[in-house]
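Working notes, structure below.
Chain naming here is simple, since letters A, B, ... match the order of the sequence lines and numbering starts at 1 in each.
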Amino acid sequence: MSLEAECGWTLLRAITISLVATPLVTILARPLQLDSPRHRRRRLVALAIPFLTPGFVVGYAYSNVTLDLVHQPVLNELFYDLLLLIGVVPVGTFVLVLAPPPPLGPTADWCGQLAGSDRLRRVRSCGWSRSLWYGPARNRIPAFGLMALLVFHEFEIASLFRVIAGQRLTPASWSNALFELIALQGLGQRSPWDLWRFGWMPLACSLGLLAPLLALAWTSRRDPGVLRPTGLRPRSPWEERVASTWLAVAVGMGTAIPLGNLIYDGAPGWAATWRGEHRLGPTLAHAGRSLIPTVAIAVSAAIIAGWLLRRRHPGLLMALSLPGLLGNLSLGLLLTWTLLIMAPAGFGHSIGALLIGQSLWLLPRAALLIVLLAVLPRRESTYLSRLLQRGPTAAQRIAGWRLTWQHFGQRVAWMVGLLCWWGYLELTLNELLAPPEWLSVAHRMYQQMHFGRNAALSSTTLVVVMVPLAVVGLLVTLGRFVSVPTIFLASGSPRTHAKPPEREA
Amino acid sequence: MLPRSDPLGRPVFLRRRVTASVPIGVLLLVVGLAGGGCTPSTPSPTAGSSVNTESDPLVVYCSHDQLFSEPILARFTRKTGISVQVRHDTEATKSLGLVNRLIREKSSPVCDVFWNNQVLGTTDLLAHDLLEKYRGSGWRRIPEAFKDPDGRWCGFAARLRVWIVNTEKLPATVESIEQAVTARDLSRMAVARPLFGTTLTHYCLLWHGDNGRTLKAEHADRRRRGLIEVPGNATVKNLVARGTCDLGWTDTDDFFVGLDDGHPVAMLPIRLPSGQTICMPNSVSIVKGTKRLSAARQLVDFLLSAETEMALARSPSRQVPLGEIDAQSLPAEVRRLRPWVADGAPLEELQTSRAACLAWLRTEYAR
């Protein structure tokens, strides 16, 4: 199949899956908006777990299922589509939950009904297209676009599932087709611009899928932030049932079964795999070393996104997020060739290339998390806690720092932790941009997958999960013994010249 | 008029400048780190340019299984005190893998030694004039058939292309295999897509005999009869081991994974029309432009030594030693493979048929 045909099929799949996903995310978002904080947190965690499970682990765990379906290409394609659906539904749901409610809410609907459709038709600004864009479709279309974009760029599972049975290829995937073209035609070896001949089409498709999200961001840039009625109707029991069933299926199929399968397959061989000095030791060291650049990258992405959001530069934020939204493969290829042409000798092989690439990839996620976790501090609470931090007594200063930690620090820690997790398990950019000494532990996992070393892969996965958990555990324990506020006590000479924030009009 | 102040009493313009400096600082930090990580290089007319120096660790690009190559390289470090940094081939980005990376890095090489798990990619590097000549002690112990006469690459520890057969579905005999492959329905046979790896080597050798005429006809015929083509040899092994397919083409190391997992599998060597087997040694070469030539030579000699060949023969991949070795110390399975290695087709034909074979595959797979 040609690249053009595979690109077309991938686009068709992306649109179809997103069409199925959009009503589903609408149903899932509603209970999230109406739930009590406790239930909401539980649902958010259940929603996020499959999204946080690395795609290549899921693909590998299910590769045996696809082997059994090798003679039924249609079932193989449907199974792949289901895994993609599980992966993208959380993203669409988060978009619906986070985006401001559309300007045309239930009041506008009611007014429209009172006025009557005949009268409305005569008013140009009340046409159906405008009513749709400023009404129910305003957030759903961008959610649809973002989900379709993610499906369009998926290649890790596709490359593991890709089979030709009697000349029939399943699943079609433009990225895999591009890889094959690069291998067969040596694209990019003579001139990086060769890639453009084939790369423009996926890029155009990506921008087309991103367009609704960009339009939403652009038309919302002057949003005054006035609270509008959300237009939420009470949830119905069947919606509740659909949401709960989906979450159970998603956590089960997207995370529990793949990881369970991996552990079940590999656990009997753990002892043999870890025996000897060169097994567990290098894996532990590799996992630990992989965390170091990841933390720097996560922090830099969080700081840049936070600053752009705080200073209200949505245009610049969107422009910087665009490469990351195009997916790690496109971004990696783009940076590889750009650095090869433009950067000074050696830069393309330094850790700088990796820092830039992964920061750009994480930037849109950082921005999303900042909004989702409400990381940007409120002026009033910041003012109060800072006043306390500079209070005359140690108890006040401790209370001030504690308040800052509770209102701001904890959320920042969650955000950086999540960004670190993504960066830690990111494979493609790391593979393309990292110098040998900074290759991530995900490489080790992928190598073991390639050679079918199940016991080793299973034990590596365990180490890969345990190392960040151990670091977090250590930090929490340290935090209990050495109270964070006491660190700042020495520098807290009382200052009383702080002024309260001005009242907003 | 006094400037407006923030809640901490700082003038607003100062706060803005301080806040604006945060992302600028982050960017500077990134660029600074980047600068620290790369050393400007001075191109040398003979050796090209390099971003590394003699005191840095030896950089090895390795496409062999990390599980087995890591202990060997660790042993080298223990023995010589030379530290090694390894980039393994994940195949996550397939064609953007190690060979293409080496070609891309031609003007400022990063890698010192390339340990390839076959010969095909290495001969591509030879064609790009990327390899340094070295005929050391290791090169001398390997037979002529498995090395470049000028010492630009040298083979060691070989694998073979084999038929993998599920013994519960099919008897592992030449006759039953011939019967199965000539059957009308070929949907019970699996092969890896011939665009990469050892299946490409296999195709290049098939191409060589009559300039691809038979290969083209047989390939088209097999696809018409429903042949299953999968991403790699490990998947072929899985399909046959699970009984989804009855037989397939794979490599000996993948076959042994299936056997060790207790699956009902057996193997027979794949023979070319000439009767020769397909033997694929690992290959090692020094990359032109290295600034650590002495360390690179030590590693090449170590990899080509009897000690390394024995270690690879005793590893679960059971690779067959090519140089002189104490045969009695070899595992029984490896001893069984040695006569097949002796029947191996010459490897110098690979590079000549590769370009033509790839041109044809392009028309088949990437129209």
Hey, could you give me the CD/CZ distance between A/Glu431 and B/Arg87, rounded to the nearest 0.5 Å? 6.0 Å
Measuring heavy-atom distances to chain A, does B/Val86 have an atom under 4.5 Å in its side chain, in its backbone, in both, or in neither? backbone
Would you call A/Leu439 and B/Gln85 a side-chain contact if the rule is heavy atoms closer than 4.5 Å? no
If you count heavy-atom pairs within less than 4.5 Å of chain A, which of B/Ala190, B/Gly226, B/Ala359 leads? B/Gly226
Nearest non-hydrogen partners of A/Leu160 and B/Pro231, listed with the distance: O-CG, 3.9 Å
In plain terms, say whether B/Glu70 and A/Arg444 are close enough for a salt bridge, that is, a side-chain N and a carboxylate O under 4.0 Å apart. yes
Does any heavy atom of chain A fall under 4.5 Å from the side chain of B/Ile228, the backbone, both, or neither of them? both
Region of B/Arg193 in contact with chain A, defined by heavy-atom distances below 4.5 Å: side chain
Largest heavy-atom contact set with chain A, pairs under 4.5 Å, which of B/Leu239, B/Leu227, B/Asp65: B/Asp65
Answer with side chain, backbone, both or neither: which region of B/Ser69 has an atom nearer than 4.5 Å to a non-hydrogen atom of chain A? neither
Side-chain touch A/Thr336/B/Arg104, heavy atoms, less than 4.5 angstrom: yes
Taking the side chain as every heavy atom from C-beta outward, state whether B/Glu229 and A/Val163 have any atom pair closer than 4.5 Å. no
If we ignore hydrogens and angles and just use 3.5 Å, is the side chain of B/Arg101 paired with the main-chain N or O of A/Leu432 as donor and acceptor? yes
For a 4.5 angstrom cut-off between non-hydrogen side-chain atoms, does B/Thr244 reach A/His71? yes
